[in-house]
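Here the structure is a predicted model, which means the values were calculated and not measured.
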Amino acid sequence: MTHTHPIPKADERRRYKRLDHIFPVEFRFLAADGSPQGDWREAFTQDVSAGGLCLVVTQLNERDMGLFSDPKTMLSLNINIPSGSKPAQ
């Protein structure tokens with residue numbers, strides 16, 4: 001007996017496997033020279049994979065929204081992965 005698996009649609013195929021976990025994150029914006037701009041803020045990860053991640057931020061002001069929409073904006077991230085060690089940077 002042969003079993004066949006349906007071929008996923010193009011938008012359902014992933015290059016990398018995604019983790020089904022949410023991790024707390026601290027982030028802050030960086031200036032063009034890499035210097036920190038402002039305080040650390042809280043967020044969470046979503047859809048983490050080798051290709052990237054989605055950063056879920058619940059509290060943004062208009063300035064922050066403008067920074068996030070600019071592709072030149074840089075962030076410093078501390079991703080808190082529960083493993084008993086220091087946060088990943």
Side-chain angles (χ1 to χ4, degrees):
M1 178 181 214
T2 304
H3 294 283
T4 59
H5 299 285
I7 298 172
K9 296 177 186 172
D11 60 346
E12 294 174 357
R13 284 181 261 165
R14 304 267 186 229
R15 185 171 183 183
Y16 302 106
K17 180 175 173 50
R18 293 185 181 210
L19 296 178
D20 187 25
H21 297 286
I22 296 172
F23 300 112
V25 175
E26 295 175 309
F27 76 94
R28 67 178 164 190
F29 296 103
L30 300 177
D33 67 359
S35 63
Q37 300 295 302
D39 296 328
W40 289 101
R41 299 168 188 222
E42 295 180 353
F44 295 92
T45 63
Q46 181 177 317
D47 296 333
V48 177
S49 75
L53 61 83
C54 174
L55 188 64
V56 179
V57 182
T58 58
Q59 296 181 359
L60 288 176
N61 58 38
E62 287 198 33
R63 176 187 168 271
D64 296 343
M65 290 188 319
L67 289 169
F68 270 119
S69 64
D70 181 351
K72 294 180 183 176
T73 296
M74 294 187 299
L75 296 174
S76 176
L77 301 174
N78 287 329
I79 303 172
N80 297 299
I81 301 171
S83 66
S85 63
K86 291 183 175 182
Q89 294 185 346

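- Sequence neighbours left out, the pairs with a member in residues 64-74 that pass side-chain hydrogen bond (donor to acceptor under 3.5 Å, both in side chains) are Arg41-Asp64.
- Remark: Asn78 CG to Trp40 CH2 distance equals 4.0 Å, nearest 0.5 Å.
- Linking Ile, Leu, Val, Met, Phe, Trp and Tyr whenever their side-chain heavy atoms come within less than 4.5 Å puts Phe29 and Leu53 in one cluster.
- The shortest non-hydrogen separation linking Phe27 to Glu42 is CE2-O, 3.8 Å.
- Linking Ile, Leu, Val, Met, Phe, Trp and Tyr residues whenever their side-chain heavy atoms come within less than 4.5 Å places Val57 and Val48 in a single cluster.
- No path of Ile, Leu, Val, Met, Phe, Trp and Tyr side chains, each step under 4.5 Å between heavy atoms, connects Leu55 with Met74, placing them in separate hydrophobic clusters.
- At a threshold of 4.5 Å between side-chain heavy atoms, the hydrophobic network of Ile, Leu, Val, Met, Phe, Trp and Tyr places Met65 and Leu67 in one connected group.
- Between Asn80 and Phe23 there is no side-chain heavy-atom pair separated by less than 4.5 Å.
- Tracing side-chain contacts under 4.5 Å through hydrophobic residues (I, L, V, M, F, W, Y), one never reaches Phe44 starting from Val25; they form parts of separate clusters.
- For the pair Ile22/Val56, no side-chain contact is recorded, criterion being any heavy-atom separation below 4.5 Å from C-beta on.
- Under the salt bridge (Lys or Arg N to Asp or Glu O under 4.0 Å) criterion, Arg28 pairs with no residue at all, not counting sequence neighbours.
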